[in-house]
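Notes follow the structure.
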Amino acid sequence: MPRESKKARRERALAICDRMDEHYPLAECALTHRNPFELTIAVMLSAQTTDAAVNKVTPELFRRWPTPTALAGADTAEVEEVIRSIGFHHSKAKNAVACAQTLIADFGGEVPRTLRELETLPGVGRKTANVVLTEAFGLVEGIAVDTHVFRIMHKLRLAFADTPLETEQELLALLPREKWGPVNRQFVLFGREVCSARKPACTACFLSDLCPSAGKEVAFQARSQRAASKKARS
């Protein structure tokens with residue numbers, strides 16, 4: 001494949017964003033929440049865990065500790081028990097309680113509205129901070145690069161960096177600001193429904209003509225199917 005110019009890559013990126021807007025015009029955050037505090041804790045809990053798994057534990061979590069004040073005074077072991085079914089529940093319970101304590105001590109019990117302040121909360125990294133700002137306050141300061149966004153942007157050859165933070169910086173330079181907000185919501189849905197990590201549906205993908213990886217995936221799947229068929233006949 002010939003080397004793509006920056007201009008061509010930007011034009012392709014905009015075409016991809018337009019397609020995503022057409023297919024996911026009403027994409028919403030999949031984490032159940034009623035306020036910025038619940039969203040902050042829910043996003044923190046979702047690291048390396050599915051949103052569906054988090055949504056199963058947060059109703060009881062917020063029933064027992066519905067406010068920063070309540071959670072700040074919680075026994076970490078009890079929080080661990082409530083969120084036991086999700087990954088890394090020990091460290092997440094500790095961070096959740098510490099986050100609530102920091103909200104009380106430093107921000108009057110309110111979730112702050114800047115990236116810098118959000119990143120001072122225990123367990124809150126840049127991805128979580130971006131999600132909270134965008135979804136809770138409608139403030140778009142960056143792009144939340146989670147596992148879906150990181151994987152798919154690299155597959156689309158819109159990003160090449162080795163880390164989520166560097167990938168975000170590449171995307172911020174590539175996409176106009178008005179396109180930043182929907183990226184995480186749309187690509188999470190796309191990653192679940194079309195471009196899964198294990199078996200991307202390239203032949204049915206509405207981005208296949210814009211994706212440099214699509215042909216390779218289709219060829220790989222065809223070879224795998226032929227090999228499986230040959231093995232079954234032997």
- Take D21 and Q186 through the side-chain hydrogen bond (donor to acceptor under 3.5 Å, both in side chains) test and state the conclusion after the steps. CA-CA 8 Å; D21 287 340; Q186 292 174 338; 2.9 Å; yes
_Partners passing ring-ring contact (aromatic ring centres under 6.0 Å, His included) against H90 (at least two apart in sequence or in another chain)_ =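 Partners of H90 by the ring-ring contact (aromatic ring centres under 6.0 Å, His included) criterion come out as none, since no residue qualifies.
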query: So with a 6.0 Å cut-off around CD of E178, is the heavy-atom count from everything else above 12?
result: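 More than 12 heavy atoms, drawn from other residues, nucleotides or ligands, come within 6.0 Å of this atom.
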Should the pair [X]-[Y] be classified as a salt bridge under the 4.0 Å nitrogen-to-oxygen rule?
X    : Y    : result
K179 : D18  : yes
R12  : D209 : no
K92  : E80  : no
E141 : R116 : no

Determine yes or no for a side-chain-to-main-chain donor-acceptor pair under 3.5 angstrom, with [X] supplying the side chain and [Y] the backbone.
X    : Y    : result
T49  : S46  : no
S196 : R192 : no
T40  : E38  : no
R151 : C195 : yes
T102 : L121 : no
N55  : L31  : no
T134 : V131 : no

Check whether any side-chain heavy atom of [X] sits under 4.5 Å from a side-chain heavy atom of [Y], and report yes or no.
X    : Y    : result
V183 : M153 : yes
M20  : L207 : yes
E110 : L103 : no
V194 : P200 : no
V57  : S85  : yes
V43  : V124 : no
V145 : K127 : no
T67  : F62  : no

[X] and [Y]: which non-hydrogen atoms are nearest, and at how many Å?
X    : Y    : answer
L175 : W180 : O-NE1, 3.0 Å
V140 : R177 : O-NH2, 2.9 Å
A30  : D51  : CB-OD2, 3.5 Å
N184 : A144 : ND2-O, 2.8 Å
F187 : V149 : CB-CG2, 4.0 Å
I41  : L61  : CG2-CD2, 3.9 Å

Rounded distance (nearest 0.5 Å) linking atom [atom1] of [X] with atom [atom2] of [Y]:
X    : Y    : atom1 : atom2 : value
L118 : C99  : CG    : SG    : 9.0 Å
I143 : N130 : CD1   : CG    : 8.5 Å
E81  : E78  : CD    : CD    : 9.5 Å
L165 : E168 : CG    : CD    : 6.5 Å
L14  : R9   : CG    : CZ    : 11.5 Å
L210 : C205 : CG    : SG    : 9.0 Å

Going by side chain to side chain donor-acceptor pair (under 3.5 Å), Y24 matches just one of R185, R19, E193. Which one?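 In the set R185, R19, E193, the residue that makes a side chain to side chain donor-acceptor pair (under 3.5 Å) with Y24 is E193.
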- Task: Take R157 and E4 through the salt bridge (Lys or Arg N to Asp or Glu O under 4.0 Å) test and state the conclusion after the steps.
- Result: CA-CA 10 Å; R157 308 272 179 85; E4 187 176 35; over 6 Å; no
### Message
side-chain hydrogen bond (donor to acceptor under 3.5 Å, both in side chains) for E117 and T120? Distances and angles first, verdict last.
### Response
CA-CA 5 Å; E117 290 175 320; T120 67; over 6 Å; no
Tell me whether [X] shares a hydrophobic cluster with [Y], the cluster being built from Ile, Leu, Val, Met, Phe, Trp, Tyr side chains joined at under 4.5 Å.
X    : Y    : value
V111 : I104 : no
F88  : I86  : no
L189 : L156 : yes
L39  : V82  : yes

Could you check whether the rings of F150 and H154 sit parallel, tilted or perpendicular, using 30° and 60° as the cut-offs?
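The rings of F150 and H154 sit tilted, inter-plane angle from 30° to 60°.
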(request) Name the orientation class of the two ring planes belonging to F206 and H23 (parallel below 30°, tilted from 30 to 60°, perpendicular beyond 60°). (result)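 Rings of F206 and H23: parallel, as their planes differ by under 30°.
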Practice task
Examine the side chains of T167 and E170 and answer whether a donor and an acceptor come within less than 3.5 Å of each other.
Solution key: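 The criterion, which ignores hydrogens and geometry beyond distance, is not satisfied for E170 and T167.
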H33/T58 under side-chain contact (heavy atoms from CB on, under 4.5 Å): CA gap, chis, key distance, verdict: CA-CA 8 Å; H33 63 281; T58 48; over 6 Å; no
